Amino acid sequence: MKKKIALWAALTAVALLVTGCAAEEPDAPAPRAPSARGDGPSAGTGAGDKAPDAPDRAAAYRKWGLKPFAAPPAPPATKPVVRPPGGPVPVISDIPTTEKIVFITIDDGAEKDPEFVTMMKDLGVPVTMFLTDAAIRGDYAYFAPLVAQGHGLANHTLTHPNLRTLSQDAQRREICGQRTKLAKRFGTAPRLFRPPYGNWNEATRAAAAECGVDAIVLWRESMQIKNMQYQRGDRKLHPGDIILAHFRGPAELKGRTMTEMTATMLRRIQEQGFTVARLEDYV
């Protein structure tokens with residue numbers, strides 16, 4: 001297993017901003033994923049149906065060296081990003097909104113730090129996980145408690161290829177194949193898809209449509225070890241931005257842990273006056 005993790009770290013370094021790879025899929029189904037609206041975590045409220053009291057919430061954040069987030073606004077009655085029936089799959093890097101909210105997405109699944117599961121339960125900050133079978137097939141069970149907490153489950157292909165190099169049929173196999181695996185393991189089919197490396201073409205959109213995808217999700221910022229990498233020249237978060245992070249550990253983060261990277265990312269979001277909302281409530 002250590003050799004596989006080391007190999008994965010090498011592939012991650014080559015890929016720069018996006019990753020993917022791991023072992024063999026067990027048979028037992030994991031708990032069913034929550035529905036797309038109304039039962040997932042929201043920033044500052046904790047997981048489950050009942051928000052903790054303010055002192056408890058503050059203590060949970062202090063445990064991780066953080067301050068509580070402001071609660072996000074109520075989700076819009078009508079989602080701002082909707083695929084029209086029979087229409088092309090939307091490709092998005094942000095959500096149209098004037099609210100000071102951002103969306104956290106975490107890719108691949110190579111690092112499986114138990115402390116990250118605890119952190120997410122303590123903080124209740126919503127994230128969407130774009131998972132690659134090659135990275136998680138040896139331990140799908142790790143993600144079950146995160147799904148049970150209400151975090152979004154999304155598709156990141158079977159083997160993490162550069163889709164631009166594949167035919168539409170090969171792309172369809174990558175996307176539909178992972179959709180089937182995630183549905184089998186977690187009881188719900190993912191609606192959102194992210195192409196590895198952010199590389200896509202019109203064949204990707206057509207293949208994604210065949211696989212029941214509602215949106216192809218790219219990003220505006222990516223979280224590195226200590227700082228964010230921005231696509232815009234002003235190097236600032238904007239309302240509705242989608243942030244990319246990865247399931248990475250000390251080998252890829254120069255000795256820092258997944259939870260340390262996550263805490264730093266959350267501080268960077270707070271420093272700019274934003275809170276975190278749930279992507280599935282808007283797409």
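Just so it is clear, the structure is predicted and the values come from calculations on it, not from any experiment.
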Is the backbone N or O of [Y] less than 3.5 Å from a side-chain atom of [X], with the two atoms forming a donor-acceptor pair by type?
| X | Y | answer |
| --- | --- | --- |
| R194 | L218 | yes |
| E252 | G249 | yes |
| Q178 | H156 | no |
| D108 | A110 | no |
| R278 | G150 | yes |
| R83 | G87 | yes |

With sequence neighbours left out, the residues meeting salt bridge (Lys or Arg N to Asp or Glu O under 4.0 Å) with R232 are D94, E221, D241
Pairing residues for E174 by the salt bridge (Lys or Arg N to Asp or Glu O under 4.0 Å) criterion, not counting sequence neighbours: none
Closest contact, heavy atoms only, E202 versus W200: OE2-CZ3, 3.7 Å
ring-ring contact (aromatic ring centres under 6.0 Å, His included) partners of residues 80-107, not counting sequence neighbours, each pair once: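 Listed by first then second residue: F103-Y282.
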Just by distance, with hydrogens left out, do T165 and N162 show a side-chain donor and acceptor under 3.5 Å apart?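 No.
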Can you tell me if T259 and E115 form a side-chain donor-acceptor pair at under 3.5 Å? no
Got L237 and I243 here, is their nearest side-chain heavy-atom distance under 4.5 Å?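 Result yes, sub-4.5 Å side-chain heavy-atom pair found.
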Taking the side chain as every heavy atom from C-beta outward, state whether E280 and R191 have any atom pair closer than 4.5 Å. yes
Please check if the distance between the ring centroids of F247 and F143 is under 6.0 Å.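 That pair passes the under 6.0 Å test.
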Salt-bridged, K79 to D281, with N to O below 4.0 Å?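 Salt bridge absent between K79 and D281.
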